[in-house]
Amino acid sequence: MNKGYVIAAVGSGGKTTLIEHLSNLSQSAGRQTAVMTTTHMRLPKLHNGVGKKIEEAICIMKQEGIVYFGNFAREGEKMTFPGFQPYEELCRNADMILVESDGSRMLPMKVPDWPREPVIPMNTDAVLVVFGLTALGRPFGEACQRWELGKKWISWESGTGKDAGEPPMETLPITETLAVDFLIRGYLNPIRFRFPNTPLITILNQADSRYRREAGKRMKEMFQQKGWECRVTRMKQTKISVIYLASGFGSRFGGNKLLEPFEGKRLFEHGLELFFKLKQELEAEQGMSVTVIVVSQYPEILETGNKMGMKTVMNPYASEGITASIRLGTAAAEEDTDYYVYSVADQPWLKLETMEAFLDRFLTCALSGQASIGCLSGQGKRGNPGVFHKKYRRELSALKGDKGGSQIMKRYPGEVLEYQAEEKELEDIDRRNDIIIHPFG
């Protein structure tokens with residue numbers, strides 16, 4: 001049949017994001033673009049033709065340049081295959097057809113269950129095999145869907161596996177070499193056999209840190225040495241808003257503690273300088289976009305933030321408690337922020353390396369769907385700072401009282417990642433006596 005160019009995306013670790021990226025590029029080039037799935041795919045926010053008649057879907061595509069088309073899945077919030085006849089009709093009318101042809105349950109790695117899955121359309125013109133670099137270093141059982149199907153490969157030549165006295169496969173860390181081998185055995189070889197003349201490219205996604213970028217480059221060389229085409233990419237720049245909460249009255253301290261001298265600086269400056277350095281590190285080393293927002297009722301603190309190039313927000317509602325600062329800071333953050341970090345201004349012993357390690361671990365888990373909220377923890381108690389995925393923006397903006405983000409953590413206990421820090425890092429300066437007892441740390 002006459003049709004547009006069909007690209008099938010399989011694997012794990014960012015297929016939907018890749019398809020969104022490609023559809024936007026196609027639209028920008030003036031092509032009529034259709035997005036469908038042969039398995040399951042999350043419902044779109046824009047260009048939505050899901051559940052509509054094929055004629056309506058084609059009309060949306062012609063008007064908007066893109067249409068997502070399929071039937072509603074039973075699980076809710078997902079779409080599924082529209083059927084062969086509507087699929088073929090949309091293929092005839094579109095210039096570009098992008099098909100999500102595999103499922104991975106939000107994990108960065110997968111061993112496919114041939115011939116049941118992936119489901120690649122027979123009229124496919126190119127296949128993209130996606131792998132999430134956040135899988136590296138994590139156990140197979142944690143980061144890989146259907147890892148048990150790969151047992152037959154894990155003992156190849158290397159002697160690993162139970163027979164060699166090694167730990168069971170599900171506890172073994174995913175290395176660069178093993179990931180390359182699994183992708184070749186699980187995806188590339190079977191797809192090449194079924195589609196011998198179809199372009200086949202491996203996309204190593206989630207290269208959003210220096211470590212993962214370098215690992216991706218090494219894996220790319222391995223693929224190329226074996227004759228396979230490969231790309232290392234990051235689909236979008238991660239945007240973080242750090243909201244520095246510096247509006248407290250210091251009632252138990254007996255005055256404005258944040259302006260008190262402590263270890264050669266005013267108390268609030270310790271955290272402010274830490275987050276300034278964290279911003280520099282994350283932007284230079286990880287390629288992220290970080291905005292630090294200082295919320296305070298004190299002109300001295302806002303002036304210091306301004307001089308450091310930070311965004312500042314005056315808080316006229318400080319008497320309401322910490323949630324007023326959270327609401328104001330959240331409102332001041334850009335709408336496309338991915339993660340919100342909230343920190344109080346009276347924890348002078350918090351370390352930069354702790355925050356770097358905490359955010360690295362949290363973002364790894366967040367990208368693979370394991371967590372969407374994080375906080376530091378010590379001695380079995382949760383503490384500050386805390387970090388929240390963008391899906392909680394509305395709830396963060398509606399907080400009241402003086403309990404802060406802990407209210408949201410209690411609503412979603414299964415979403416919370418606790419990262420262990422030294423007990424002293426979580427201590428705050430609460431009373432004047434704390435400064436007297438710890439004048440030099």
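Source: prediction; values computed, not measured.
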Donor-acceptor check, side chain of [X] to backbone of [Y], threshold 3.5 angstrom: yes or no?
X	Y	answer
Thr175	Leu178	yes
Asp338	Ile240	no
Asp125	Val6	yes
Arg382	Leu376	no
Ser101	Val10	no
Arg327	Leu399	yes
Thr37	Thr39	yes
His270	Ala345	no
Glu221	Arg218	no
Thr171	Pro168	yes

Between [Y] and [X], is there a salt bridge with N-O shorter than 4.0 Å?
X	Y	result
Glu300	Arg266	no
Lys277	Glu353	no
Glu395	Arg411	yes

- prompt: Under the salt bridge (Lys or Arg N to Asp or Glu O under 4.0 Å) rule, what pairs show up with a residue in residues 303-318, not counting sequence neighbours?
  reply: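 As it turns out, the salt bridge (Lys or Arg N to Asp or Glu O under 4.0 Å) pairs with a partner in residues 303-318, which skip direct neighbours, are Glu303-Lys307.
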With rounding to the nearest 0.5 angstrom, report the [atom1] to [atom2] distance, [X] to [Y].
X	Y	atom1	atom2	answer
Met222	Leu183	CE	CG	11.5 Å
Ile19	Asn24	CD1	CG	12.0 Å
Thr304	Phe276	OG1	CZ	13.0 Å
Ser247	Gln297	OG	CD	5.5 Å
Ile301	Leu272	CD1	CG	8.5 Å
Thr38	Glu117	OG1	CD	8.0 Å

Polar side chain donor-acceptor pair, [X] to [Y], under 3.5 angstrom:
X	Y	answer
Glu418	Ser377	yes
Asn71	Thr80	no
Thr337	Ser241	yes
Thr134	Thr364	no
Tyr187	Asp102	yes
Gln27	Thr33	no
Ser343	Asn384	no
Thr16	Glu100	yes
Thr312	Asn306	yes

query: Does some side-chain heavy atom of Leu25 sit less than 4.5 Å from a side-chain heavy atom of His21?
result: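 Counting from C-beta outward, His21 and Leu25 do come under 4.5 Å.
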Indicate the ring-plane relationship of [X] and [Y], choosing parallel, tilted or perpendicular according to the 30° and 60° boundaries.
X	Y	value
Phe182	Phe140	tilted
Tyr392	Phe388	perpendicular
His389	Tyr339	perpendicular
Phe81	Tyr87	tilted

- prompt: Name the one of His47, Met36, Met61, Lys45 that satisfies side-chain contact (heavy atoms from CB on, under 4.5 Å) with Tyr68?
  reply: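 By the side-chain contact (heavy atoms from CB on, under 4.5 Å) criterion, Tyr68 pairs with just one of His47, Met36, Met61, Lys45: His47.
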- request: List the steps and the verdict of side-chain contact (heavy atoms from CB on, under 4.5 Å) for Lys265 and Glu273.
  value: CA-CA 10 Å; Lys265 306 172 187 175; Glu273 292 180 6; 2.7 Å; yes
task: Take Glu20 and Arg42, measure what salt bridge (charged side-chain N to carboxylate O under 4.0 Å, His left out) needs, and give me the verdict at the end.
output: CA-CA 11 Å; Glu20 290 173 353; Arg42 69 172 179 250; 3.2 Å; yes
query: Going through the distances and angles, do Asn315 and Ser325 end up as a side-chain hydrogen bond (donor to acceptor under 3.5 Å, both in side chains)?
result: CA-CA 7 Å; Asn315 181 6; Ser325 293; 3.1 Å; yes
- request: Test salt bridge (charged side-chain N to carboxylate O under 4.0 Å, His left out) on Glu427 and Lys424 and set out the steps.
  value: CA-CA 5 Å; Glu427 290 182 11; Lys424 187 173 182 181; over 6 Å; no
message: Applying salt bridge (charged side-chain N to carboxylate O under 4.0 Å, His left out) to Lys400 and Glu320, what does each step give before you reach the verdict?
response: CA-CA 8 Å; Lys400 295 181 180 180; Glu320 293 182 22; over 6 Å; no
- request: Quick one: do Glu229 and Arg231 satisfy salt bridge (charged side-chain N to carboxylate O under 4.0 Å, His left out)? Show the steps, please.
  value: CA-CA 7 Å; Glu229 192 171 353; Arg231 303 283 190 275; 2.7 Å; yes
- request: Let me see the working for Glu170 and Glu148 under side-chain contact (heavy atoms from CB on, under 4.5 Å), right down to the final yes or no.
  value: CA-CA 8 Å; Glu170 61 265 35; Glu148 62 276 4; over 6 Å; no
message: Set out, in order, the CA-CA distance, both residues' side-chain angles and the distance that settles side-chain contact (heavy atoms from CB on, under 4.5 Å) for Ile7 and Met96, then state yes or no.
response: CA-CA 8 Å; Ile7 298 176; Met96 175 73 72; 3.9 Å; yes
message: Is there a side-chain contact (heavy atoms from CB on, under 4.5 Å) between Glu77 and Phe72? Walk through the geometry before answering.
response: CA-CA 8 Å; Glu77 300 302 318; Phe72 287 105; over 6 Å; no
